Every structure is written in structure tokens, then in C-alpha cells.
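Numbers restart at 1 for each chain; the letters A, B, ... are given by sequence-line order, proteins then strands. Because only heavy atoms are used, hydrogens play no part in the values below, and waters and symmetry mates are left out as well, while side chains stay in. Note that the structure is predicted; figures quoted are calculated from it, not measured.
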Number of protein chains: 2
Amino acid sequence: MAGDTRDRMIEATVDALRRRGVAGMSFTEVLRESGAARGAIYHHFPGGKGQLVAEAAARNGQDVRATLAALPAADPVGFVASFLALIRPVVECSATGSGCAVAAVTIASGEPAENASLREVAATAFTAWADTLTERLTVSGLTPDDAAGLATTLLALLEGAQVLCRAAGSAEPFDRMADTALDLARSRYS
Amino acid sequence: MAGDTRDRMIEATVDALRRRGVAGMSFTEVLRESGAARGAIYHHFPGGKGQLVAEAAARNGQDVRATLAALPAADPVGFVASFLALIRPVVECSATGSGCAVAAVTIASGEPAENASLREVAATAFTAWADTLTERLTVSGLTPDDAAGLATTLLALLEGAQVLCRAAGSAEPFDRMADTALDLARSRYS
DNA sequence: CCTGCGCTAGGATGGCCGTACTAGTCAAGC
DNA sequence: GCTTGACTAGTACGGCCATCCTAGCGCAGG
């Protein structure tokens, strides 16, 4: 199959980004994980590491966006609860060293031009996530302004919780934060 | 002066960690920034890169903790406002590619043993920050449980906002999130 | 059966990095 | 003023990495 090797390489890159970040990720690792040959890199990704990383981040961004879009509309508090339940498994992974692939590509690691292009990929992904959450929150009954603010807040909590839980080696920071977030949402939106 | 070179090296390392992360940071860069000689590394830091990075992260952790401890006690809402005002300049730096040095060392980049030791440094720093915020929030009138939950939430927002703002290249995500956070705090704690 | 062609396969290369080592500097103390 | 020891300076080395290159394989169409 044509796109098979390419797909496996992208998936392996997403994984490597989550665990090691851009600078810490190595082709050797991606090739081992994906079972691809060294020569496959520059066949499928003539742009080299930059292109591979950018495509991996973009794909991860789209996958997450799709997951967020599938969240059920409810009242705002119920939606926040659904969101927190959805991301808990993701945050749990970060307790064992994983992280957010999109966040990883925001860290400068190469030439300025490449950094800028990767940052743009990340910005696009985050904006898409925020827009999706905003839409769902609007459907759930919030004003567009409130929805946009809460969407950004939820994303910040998601990214921050991953950092705290990776450091702690447990999901406990997430659970504490999730309780507080729900408590706050209840006081404000019901 | 004895500790002068050493200090400059640590400061340069904190800077490099913020911009590049552990794997992306190079000794060459630290030496250039600090004006130290190559031989100085293993004189001051016999443990090599791991020791230098660990000390830099620990120092940054203590510095931030001291800043947090200096926040004025007030009512909870006022304290949240003070916290947000305090971290806004930090988040602004992340819009230009900087980040959190403590968060940076949570990303695995070397041998498992070294990773674990760095993660522990980060966990210690984050716990110290959370404890400090919890204490201040308790003084501001919250129950210990509420204070602990809100402290973790504020830290997650801080770390998450840095990620979002670094991707966006602006402090706009922070501002949106800060408004919402204050709004939520007002509804719950006043 | 042959001939391109998409793709795989794996090694070669040049560069950068962390590490290590040796020589040199400077100041204090006897 | 000479020794001693802390520190600086610069260089050498071994390893890993991204990159590149040249064969080789399998399968179209003729």
C-alpha cells in the first residue's frame, strides 16, 4: 500500500514528539517504531525533519479537533464535565512521560524559519481546538464571548495539567484542578 | 569571584532551557551566553549536563517560589487578580518563544535515570509553588481544600497559558483566559 | 519476457555535541 | 619568591544525528 509506510512514520513521529519533543526526537527512533527504512524518510518527506514534524503535528491537531467536535452539547456545566472526562485519559498518559504533540512543536529547536513554520502549525491547531470548543459551548447556551473565554481557559487547563501531571508522575494535579474547575463552572453557569 | 562564573552559567542555562528545552539546549550556547570557558563546565559541574540543568531548574523554581510568596494576601478574588497580574509579564515573554524552565525539564531527553532525577526537580518546584499559593489563599480566607484546589488550577492555567501564547505569538490567549478566570472566581468566592 | 517506476533498503558522510584532558593564569600563604 | 590549589582556556575525541546516495525489489504495462 502506498500511504501505509508514510502513515506509520507520521504516527511514530507523533508518539516521539509527545515523549521527547522536537529536539529530543530522532529519526532512528521513528524508523525503529514505524519499521520503515532510512531511505523512506527523504522519499516521503523531501523536506526532512521539519516536514515530518510539521505533518505529524498537523495530523495530531486534526485528530484532537475531531474528538472535541464529537463532544455532546449540553448545559455549560455538563459540557465542562464531559470535556474533563474526555481529557482525563490523555492527561493520565502524561503522568507516564507523554505530552501534547502540538505543544511540543512550539519549542524552538532549529533555524528561525523552521521554528516559525512549526509555531504556525501549532497556532492553527490550537485555534481550531478553541473554535470547536467555542462552538460547542455556544450550542450549550453560552454567549459567544463567554464561550470563547471558557474555551481558551479549558485549553490552558488541559495543556497545564499535562505539564503538572508529567512532573508529578500522577494524575493527581489534574483531579484536583478538575474538581475546582467544575466547582467554578457550577457557581457561574447554573 | 568564586561563584561568579558558576552563577552566570546557571543563569544562561535557565535562559536556554526556557527557549530550547533540555534536548535543544547546547553547551556551546550556554558558554557563549555566559562567557565561560569550555573547561569550566566539568570544573563547576562534574555531573555534566544533567547536573547543570538540574541546578538551573532548581534555582528557577526557588526564584519563582519567592516571587509567589511575596504576593499580598487579600480576599480570594483580589488574590487571583494579583496572581494574574504578576504572571502576565512572564506569559508575555512566552509569546516571543520563551517558556517555563521547570516545565522544560519534565520532557525526557536522556537516560531514564537522569530523566527521573530531572522530573523530581520539577515536581519539587511545582509542589513548592502550589504550597506557597495554597498558603496565601488560605490566608486570604479560603478553606484549605478550596485553597489547594485553586492553587493547582492557577498553576495549570499559568503553564497552559505559556504554551498557548508561545504558539500564538501573542499574549491574547492569556488575556482571554484571565478574564474568564477572574469572572469564575468572582462568582464562586464573593 | 522485458522495461520503467514507485518504493524499500541500508550504508556512507559530514557536522555538531557532550565529554575529557592538558596547559596556563592568578592569588594567597608561608 | 615559591609553592599550592582553585579556576580559566583551549583543544582533542568519540558518538550520534540528519542527510544523502546507490542498489535492490515488486509490480504495472507492453
Side-chain angles (χ1 to χ4, degrees), chain A residues 1-17 19-57 104-105 107-115 117-118, chain B residues 1-17 19-57 104-105 107-118 121:
Chain A
M1 185 59 171
D4 196 28
T5 298
R6 212 184 121 97
D7 268 9
R8 268 183 292 119
M9 290 177 74
I10 291 185
E11 277 165 36
T13 305
V14 171
D15 247 44
L17 284 178
R19 291 199 318 276
R20 307 264 180 183
V22 178
M25 161 208 136
S26 87
F27 272 170
T28 307
E29 187 185 1
V30 170
L31 296 176
R32 179 166 26 82
E33 295 287 315
S34 65
R38 203 154 195 87
I41 297 170
Y42 289 84
H43 178 77
H44 291 295
F45 305 94
K49 191 176 187 177
Q51 185 187 353
L52 176 56
V53 168
E55 290 203 24
V105 303
I107 297 173
S109 67
E111 307 156 14
E114 189 185 297
N115 292 336
S117 126
L118 285 180
Chain B
M1 183 60 170
D4 196 28
T5 299
R6 212 184 122 96
D7 268 9
R8 269 183 293 120
M9 290 176 73
I10 290 185
E11 278 165 36
T13 304
V14 171
D15 246 44
L17 284 179
R19 290 199 318 276
R20 308 264 183 182
V22 178
M25 161 208 136
S26 87
F27 272 170
T28 308
E29 185 185 2
V30 170
L31 296 176
R32 178 165 27 82
E33 295 288 314
S34 65
R38 205 158 192 82
I41 297 171
Y42 289 83
H43 179 76
H44 291 295
F45 306 93
K49 191 176 186 177
Q51 185 187 353
L52 175 57
V53 168
E55 291 203 24
V105 303
I107 296 174
S109 67
E111 307 156 15
E114 189 185 297
N115 292 336
S117 127
L118 285 179
V121 171

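- Smallest separation of non-hydrogen atoms from B/Ala56 and B/Leu17: CB-CD1, 4.2 Å.
- For the pair A/His43 NE2 and D/dA23 P, the computed distance is 18 Å after rounding to whole Å.
- Proximity of a side-chain donor or acceptor of A/Asn115 to a complementary backbone N or O of A/Ser109 within less than 3.5 Å is detected.
- Atom CZ in A/Arg32 sits about 14 Å away from atom C1' in D/dC17, given to the nearest Å.
- Under 4.0 angstrom from either OP1 or OP2 of D/dT8 there lies at least one side-chain N or O belonging to B/His44.
- In this structure, CE of A/Met9 is placed 11 Å from C1' of C/dT8, rounded to the nearest angstrom.
- For the pair B/Arg20 CZ and C/dC17 C1', the computed distance is 14 Å after rounding to whole Å.
- Distance, B/Arg8 CZ to D/dC7 C1': 12 Å, rounded to whole Å.
- Screening B/Glu55, B/Glu11, B/His43 for a side-chain hydrogen bond (donor to acceptor under 3.5 Å, both in side chains) with B/Arg6, the sole residue that qualifies is B/Glu55.
- Once rounded to the nearest 0.5 Å, the distance linking CG of A/Leu118 with NZ of A/Lys49 reads 10.0 Å.
- Whole-Å rounding puts the B/Phe45 CZ to D/dT8 P distance at 11 Å.
- For B/Ala37, taking side-chain heavy atoms from C-beta onward, the closest of the listed nucleotides D/dA9, C/dT8, D/dA6 is D/dA9.
- In this structure, the side chains of B/Ile10 and B/Phe45 come closer than 4.5 Å at one or more pairs of heavy atoms.
- For C/dT8, the OP1/OP2 oxygens have a side-chain nitrogen or oxygen of A/Thr5 closer than 4.0 Å.
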Please tabulate, one pair per line, each protein N/O and nucleotide N/O from nucleotides 18-20 of chain D that are separated by under 3.5 Å, including the distance.
{"unit_1": "D/dA18", "atom_1": "OP1", "unit_2": "A/Met25", "atom_2": "O", "d": "3.3"}
{"unit_1": "D/dA18", "atom_1": "OP1", "unit_2": "A/Phe27", "atom_2": "N", "d": "3.4"}
{"unit_1": "D/dA18", "atom_1": "OP1", "unit_2": "A/Lys49", "atom_2": "NZ", "d": "3.2"}
{"unit_1": "D/dA18", "atom_1": "OP2", "unit_2": "A/Phe27", "atom_2": "N", "d": "2.8"}
{"unit_1": "D/dA18", "atom_1": "N7", "unit_2": "A/Arg38", "atom_2": "NH2", "d": "3.2"}
{"unit_1": "D/dT19", "atom_1": "OP2", "unit_2": "A/Tyr42", "atom_2": "OH", "d": "2.3"}
{"unit_1": "D/dT19", "atom_1": "OP2", "unit_2": "A/Lys49", "atom_2": "N", "d": "3.1"}
{"unit_1": "D/dT19", "atom_1": "O5'", "unit_2": "A/Tyr42", "atom_2": "OH", "d": "2.4"}
{"unit_1": "D/dT19", "atom_1": "O4", "unit_2": "A/Arg38", "atom_2": "NE", "d": "2.9"}

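- For A/Glu114, there are no salt bridge (Lys or Arg N to Asp or Glu O under 4.0 Å) partners at least two apart in sequence or on another chain.
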Determine all donor-acceptor pairs shorter than 3.5 Å in which one atom belongs to a side chain in residues 19-32 of chain B; sequence neighbours excluded.
{"unit_1": "B/Arg19", "atom_1": "NH2", "unit_2": "B/Glu29", "atom_2": "OE2", "d": "2.4"}
{"unit_1": "B/Ser26", "atom_1": "OG", "unit_2": "B/Thr28", "atom_2": "N", "d": "3.4"}
{"unit_1": "B/Ser26", "atom_1": "OG", "unit_2": "B/Glu29", "atom_2": "N", "d": "3.1"}

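- Between the CG atom of A/Leu31 and the P atom of C/dG11 there is a distance of 13 Å, given to the nearest Å.
- One atom, CG of B/Asp4, and another, P of C/dC26, lie 17 Å apart when rounded to the nearest Å.
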